[in-house]
Amino acid sequence: MSGLDSLYQQLILEHSRARTGADLASLPDVATGEPATGQGLTGQSHQLNPVCGDEITLRLSLGTAGDGQAVTEIHWDGEGCAISMASASILSEMAPGMSPLSFRHMIDHFRELMRSRGKLEADEELLQDAAALAGVAKYPARVKCAMLAWVAAEDALHQAEASQTAFRAL
Amino acid sequence: MSGLDSLYQQLILEHSRARTGADLASLPDVATGEPATGQGLTGQSHQLNPVCGDEITLRLSLGTAGDGQAVTEIHWDGEGCAISMASASILSEMAPGMSPLSFRHMIDHFRELMRSRGKLEADEELLQDAAALAGVAKYPARVKCAMLAWVAAEDALHQAEASQTAFRAL
Amino acid sequence: MTMVSTPAWGDAQVSALDDDEVRRIRNDFPVLEQEINGKPLIYLDSGATSQNPRSVLEAEQEFYEQRNSAVHRGAHHLAVEATDAFEDARATVARFVGVQDDELVWTANATAGLNLLAYSFSNASVDRAAGGAERFALKPGDEVLVTEMEHHANLIPWQELCRRTGATLKYIPLDDAGALRLEEAARLMTSRTRILAFTHTSNVLGNINPVDVLVRMAREVGALVVLDACQSAPHLPLDFKALDVDFAVFSGHKMLGPTGIGAVYGRRELLNAMPPFLTGGSMITTVTMEEARYLPAPQRFEAGTPPISQAVALAAAVNYLSETGMRRIALREAELGQRLVTGLSAIDGVRVLGPGPGEERTGLAAFDVAGVHAHDVGQYLDNLGIAVRVGHHCAQPLHRRLGLSASTRASTYLYTTSEEVDLLVEAVAQVRPYFGVTASGAAS
Amino acid sequence: MTMVSTPAWGDAQVSALDDDEVRRIRNDFPVLEQEINGKPLIYLDSGATSQNPRSVLEAEQEFYEQRNSAVHRGAHHLAVEATDAFEDARATVARFVGVQDDELVWTANATAGLNLLAYSFSNASVDRAAGGAERFALKPGDEVLVTEMEHHANLIPWQELCRRTGATLKYIPLDDAGALRLEEAARLMTSRTRILAFTHTSNVLGNINPVDVLVRMAREVGALVVLDACQSAPHLPLDFKALDVDFAVFSGHKMLGPTGIGAVYGRRELLNAMPPFLTGGSMITTVTMEEARYLPAPQRFEAGTPPISQAVALAAAVNYLSETGMRRIALREAELGQRLVTGLSAIDGVRVLGPGPGEERTGLAAFDVAGVHAHDVGQYLDNLGIAVRVGHHCAQPLHRRLGLSASTRASTYLYTTSEEVDLLVEAVAQVRPYFGVTASGAAS
Ligand SMILES: Cc1ncc(COP(=O)(O)O)c(C=O)c1O
Ligand SMILES: Cc1ncc(COP(=O)(O)O)c(C=O)c1O
Ligand code: FES
Ligand code: FES
């Protein structure tokens, strides 16, 4: 695979066009963190890539799953390059069902991978489809593209949890 | 003569210590330009060498000589390097008796000489003792030192003449 | 629109540089010998920063190895030589843009130059009004006029100046093609207009603004004129006196020189009446613990140790440009600009910003590829060894006006060959197929 | 006074550079091979600007020949390499002075750095108070405290800040020997004191100010501390975090680097709360025609194209210093400083400013030769190939305090040999005889 093709893998190009979860704009506004009846908690984050000015707004919902909690859905709205759009799309597809702990674990690994300048190997089991983004690590200027949705999701998760604490404290 | 000795000629070192005319501080203040009874006109100028911060205040008097006018005296006050002090001293010694025209002519030649970077020859007849300053032209950083009193004298002459016109216009 | 056959700076006697000469010129630029991903580097980002000929690097090296010293403040041998080299450099660059030595102030870059002007006016507005600086003071009701196509460097300093003084910032809007709406300019220029600041040629559109028309309007209302010459000084023969502007700024690194240096031109009587901006050593006559008195321009605006070796190198750069011939360079780049706009416009889904084929433009072209983000376009080109710039090029309002958030820009210089332009055009034609975008602009 | 046997930065394990090592070091400095008037150059003006080792010149050259490009804004290969080189340079220099990468802002020189602080505080005073910048805003009644020994660069910007805001400038006076009167400092430091700005080591006196004592006083009254490290960063091992100052500035050209670059250190939380100074490209997130939003530090303070190659070269310079060892350099210079002050003080009619023999001092000494103007002293020495600085060294108030208008300064660096110092001392001993001044100070 040429350098470019390993960056823009077929899966990435497809996700960049299909854009799973890119429907936030069409959803009704949610008062962040207010738990709907019987439903989970929601956190929202807006992130800007200072290199290019592209932005993403991402909403993450947290619900109960078995004994614990799990991400239930991710919706987002944003414009950006193929990398950033594919990354948001893949994340939205993978996240539902993950516990906050394993979700964070995955984000941490992804971040480390991205910052490695190509020196780390992707943990394919952990990252699944997102492992296709491993090629980005060799393009330092594009790392922020791949990270954009992930930083937003991390922050949104934090918001959701914080609102839960706030709610419990009532 | 070594480079340094041609800069600091014996005549210059002597003038830098003797300082003809350096008695302005001890003279009474003159209201610049006001023609004293039966006397000439006076102009005064203050000049600063921006390279070193040294300053000079120079007063020049103009009186009648034969049909026309002539510089009658120069007094000054200032601190500076050997070159600037010697230059002021030599000028004060030479100026009395010169007509404004020939005084200006001499200043112009001196300026040209100083700016020549050593490429012009001094007109010894015109410059007399001031020709000893010719060596300064090879030291661009010191040209302003040599010129300081001369610029002040040129300006003071202008002031004296201007006050005369102003007086006549009354 | 002026047609390219009669550029304002054209001259029947002079011909454009041709490809053979350009190939010879390239030998002087070591960085161009490089390969990227096994392909020869095609450097089409000179609008951001230009490359340096060997003579510029040697001038700087020679300075450091033979006469490096602080300037103005020293009486010793090296200091005298360094001062001479530094002031000769000023004279060389001043001559290059048609102004007097003491009308050229060194700055760190063009941005610092525009800030110098804005802050000096700001200082005049605070408490300097006593010292003859009234004419630069702004107050509520006064207006500063810019254009909608400005680089952020010629926009934000004026926004901030207005914030500090209570003056109002207005702007000349663009038409859908990106040209200045001159009838609006005429309407906006009133007795309230104190400063008109605009770019000579846009770093995105590649157009050339009608300096004469704008200066005439400004003169009628008594406004000061500030010209951003960042993109013209490197590429067009310039004479600020003939253009009759009050101030102009440019950057060394865009005109074969090093980073770390720029310049402000200002009419002598204006510079000497303006309050200082940066204060410190080398710009004073007398300092007490209570107050300082300042030297005349240019020293008045050059606080601290100036960019000495950079000035020497920049002088070598403008000598290189002068020897090559600015008219010939400008004619050559006009040709390349046409080649770019013609080739790119012909590609399905590609929209070139600014003047169309046959209309006057400089040697750069920014474009949008429908359905593909500019950063992906740039990445595709980089893979082929083609270096272009992507993003908003520090002109967000301009992009917003044209309905975009980013674009891809190819910018040429005297070392750019026609083949390089053709290779770029060919490569751009491959971008949409690669990213799987159909001709209609939708994803396939 | 601290005795030189126990300098604050001393370390029993480390010894001073010796003459053999210095001779080897000199081979790295091409400029030192020169002759002046047929005599080997004796460069004793490093306090004004230092010379550059070959590795610094090569780093800059290599940058221009292999990866010259604008930084941050480009996605192409050269831009990525240039950005890496530029940010690596920041990390290297930040480490050199003991701070984090994002706490180091590049400026054009130290003067620009001090102006950055003063203007940012000024902007905070105008209309930024809403954005968390209140703590930097000054108003009438507030005080800025400096010292009487400051370089103009650390004096005039504060004078002007006070003029703009209505605050009052106060200063810590000196005793007759030129030392800070600390009891006065304690008296002057009150709850009105908002900023304390002082030099680490004076460029004239060669003393080392008690940073710890002054910082403690400032902390007690809640004042921000600005350290002028222009003369310490090149010569002493430094750790701004350990010194516990809020801000510090220094210049590249005094520490083996090129002209055109300096730096401001600021504590992260302070830098990010301060309003910008210079505005333009590369320091914004979003810009409309109406307003701009700004990036965090360091970008917030780096408008326009930064001094890229200069940063790369400065990193090479601090690597050279680190490899030689800052402690060893400092110990060596302390020895040379003693040699200077001892030798010069012994000459009839020569008065050395600042600490006397045996007292702590850096490797420079400024002196007055009774009856001979400093420019004449300098000229005499230059004739022998000895380059010294003459004048007020941008410290007019200090000279006035010591009853002088000018002095002659010899300043050493890691490439200065003991013989050079001895030759200077011998030459100075000849000055008064040459100019015909008798031992008593009067003209003969
Ligand atoms: C103590 C001190 N502060 C500030 C400066 C100003 O440095 P620069 O001229 O590089 O801005 C200098 C050097 O001249 C200095 O010695
Ligand atoms: C039109 C225009 N103005 C201003 C600038 C700013 O120049 P610099 O970054 O060198 O300060 C640029 C270059 O980026 C430009 O193209
Ligand atoms: S270029 Fe903006 S997110 Fe990738
Ligand atoms: S050095 Fe000041 S006048 Fe000569």
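Convention: sequence-line order gives letters A, B, ...; per-chain numbering from 1. Bear in mind that the values here come from a model prediction, so they are computed numbers and not experimental data.
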Turns out that what part of C:N154 lies under 4.5 Å from chain D's heavy atoms comes down to neither
Look up atom OG1 in D:T408 and atom CG in D:L381, then write down how far apart they are to the nearest 0.5 Å. 7.0 Å
Under 3.5 Å, is there a donor-acceptor pair linking the side chains of C:Q310 and D:T259? yes
Please look at D:F29 and chain C and tell me whether the side chain, the backbone, both or neither of the residue comes under 4.5 angstrom of a heavy atom of that chain. neither
Quick one: does any side-chain atom of D:Y119 pair with a main-chain N or O of C:F277 as donor and acceptor, under 3.5 Å? yes
Counting only heavy atoms closer than 4.5 Å, note whether C:L169 contacts chain D via side chain, backbone, both or neither. side chain
Using non-hydrogen atoms and a 4.5 Å limit, figure out which bit of C:L114 sits close to chain D: side chain, backbone, both or neither. neither
Of C:I36, C:D382, C:V287, the largest count of non-hydrogen pairs under 4.5 angstrom with chain D goes to C:V287
In terms of heavy-atom proximity below 4.5 Å to chain D, should C:N68 be classed as side chain, backbone, both, or neither? both
Side chain from CB out, backbone as N, CA, C, O: work out which of these in D:L155 comes under 4.5 Å of a heavy atom of chain C, or both, or neither. side chain
Taking atom types as modelled, find out whether D:H72 and D:S282 have a side-chain donor-acceptor pair closer than 3.5 angstrom. no
What part of C:Q159 is in contact with chain D, defined as an atom under 4.5 angstrom from a non-hydrogen atom: side chain, backbone, both or neither? side chain
Checking D:N123 side chain against D:P276 main chain: does a donor-acceptor pair fall under 3.5 Å? yes
Heavy-atom nearest pair, D:F86 first then D:I308, reads CD1-CA, 3.9 Å
Measuring heavy-atom distances to chain D, does C:V56 have an atom under 4.5 Å in its side chain, in its backbone, in both, or in neither? neither
Quick check on C:L278 against chain D: is it the side chain, the backbone, both or neither that has a heavy atom closer than 4.5 Å? both
Is D:S50 in contact with chain C via its backbone, its side chain, both, or neither, using a 4.5 Å heavy-atom distance? backbone
Need one label for C:E33: side chain, backbone, both or neither, based on atoms under 4.5 Å from any heavy atom in chain D. neither
Let me know if C:E60 has heavy atoms under 4.5 Å from chain D in its side chain, its backbone, both or neither. side chain
With a 3.5 Å cut-off and no angle check, do the side chains of C:S55 and C:E58 form a donor-acceptor pair? no
Which bit of D:T147 comes within less than 4.5 Å of chain C, counting heavy atoms only: side chain, backbone, both or neither? backbone
Sort C:Y43 into side chain, backbone, both or neither according to what part of it lies under 4.5 angstrom from a heavy atom of chain D. side chain
For D:I284, which atoms come within 4.5 Å of any heavy atom of chain C: side chain, backbone, both, or neither? side chain
Walk me through whether C:Y64 and D:V31 qualify under side-chain contact (heavy atoms from CB on, under 4.5 Å). CA-CA 7 Å; C:Y64 279 118; D:V31 79; over 6 Å; no
Tell me, for D:Q34 versus chain C, whether the close heavy atoms (under 4.5 Å) come from the side chain, the backbone, both or neither. side chain
Region of C:L41 that comes under 4.5 Å of a non-hydrogen atom in chain D: side chain
Which atoms of D:R67 are under 4.5 Å from chain C, going by heavy atoms: the side chain, the backbone, both sets, or neither? backbone
Structural part of D:N383 lying under 4.5 Å from a heavy atom of chain C: neither
For a quick check under 3.5 Å, do D:H76 and C:D45 share a side-chain donor-acceptor pair by atom type? yes
